[in-house]
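First comes the structure, then the notes that go with it.
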Amino acid sequence: MRKTHQTKPLSKAQPANAQNGKHKVAKVSQEKILQNLREILAYIGDDPNREGLQETPMRILRSWEKIYGGYKQKPQDVLKTFTEGSCEEMVVLKDIEFYSTCEHHLQPFFGTISIGYLPKDRVLGISKLARLVEVYARRLQIQEKLVAEIADSLMQTLQPHGVMVVCKAKHMCISSRGIEKHNAVMVTSAIRGAFKKLEVRSEFLEMIK
């Protein structure tokens, strides 16, 4: 006799295309999602009713709470600024670890992000930079857009002299499928304001080596 399990309702996250609030997507019930996941398990060739997979659809849903938790956060909620202690020197937080999901293949990509900014009247609590990375990384993403969103949020909230963001990441969509290049690292950057000046950009790149 197969065990039955009660399912607890999960909090509703924004759908993938709702990053900017411009897209409306019909609501889907939790049971419908669970059924769809069971059908996917059957499609790939396994038996969703066998013991090891009976709870897998619910496990997937619960993992999405973390993996796609960025949809439930807003950048302005994590970017607390301070006027006290403000400076005119470059502020850098490097090698912020992140995990995200490629929106093209739903495969993970992960690595580090380094952020630098030149303050103007206001600074951030340093942990807020890492929290901002989480807001955008925990969504369906492409790496190019990820760095741009982080840079633009900082420019809008802090209004600094400039911002630069550099991301280095490995993508499972090219290591586990396709061309299967396991050591390839993609590097992207977003450059705003004063960092377009060679001497400023060079100072930042030297600091994050």
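One is the number of the first residue; the rest follow in order along the sequence. Since the model is a prediction, treat every value here as computed from it, not as a measurement.
Looking at Arg38 and Glu31, a side-chain N of the basic residue comes within less than 4.0 Å of a carboxylate O on the acidic one, giving a salt bridge. Between Arg139 and Glu103 no salt bridge is recorded (no basic side-chain N to carboxylate O distance below 4.0 Å). With respect to the salt-bridge test (charged N to carboxylate O, under 4.0 angstrom), the residues Glu55 and Arg59 do not qualify.
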Quick one: do Val165 and Ser114 satisfy side-chain contact (heavy atoms from CB on, under 4.5 Å)? Show the steps, please. CA-CA 6 Å; Val165 182; Ser114 297; over 6 Å; no
Apply side-chain contact (heavy atoms from CB on, under 4.5 Å) to residues Gln30 and Met58 and explain how you reach the verdict. CA-CA 9 Å; Gln30 179 176 304; Met58 179 54 71; 3.3 Å; yes
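Residues Met164 and Val166 are in side-chain contact: their nearest non-hydrogen atoms beyond the backbone lie under 4.5 Å apart. Considering only heavy atoms from C-beta on, Phe98 comes within 4.5 Å of Cys167 through its side chain. A heavy-atom distance below 4.5 Å is found between the side chains of Glu39 and Gln35.
With hydrogens and angles disregarded, a donor-acceptor distance shorter than 3.5 Å links the side chain of Arg201 to the backbone of Lys196. Judged by distance alone, with hydrogens and angles left aside, the side-chain atoms of Glu180 form no donor-acceptor pair with the main-chain N or O of Ile174 at under 3.5 Å. The main-chain N or O of Pro48 is never found under 3.5 Å from a side-chain atom of Gln54 such that the two would form a donor-acceptor pair. Not one N or O on the side chain of Gln107 forms a donor-acceptor pair closer than 3.5 Å with the backbone of Thr101. Checking side-chain atoms of Tyr117 against main-chain N and O of Leu124 turns up a donor-acceptor pair under 3.5 Å. In this structure, the side chain of His161 does not engage the main chain of Lys120 through any donor-acceptor pair within 3.5 Å.
In this structure, Phe204 and Phe195 have perpendicular ring planes: the angle between them is above 60°, well past the 30° mark.
At a cut-off of 3.5 Å, with distance as the only test, a side-chain donor of Thr188 or Gln143 sits close to an acceptor on the other residue. Counted by atom type alone, Glu134 and Gln73 present zero donor-acceptor pairs between their side chains at under 3.5 Å.
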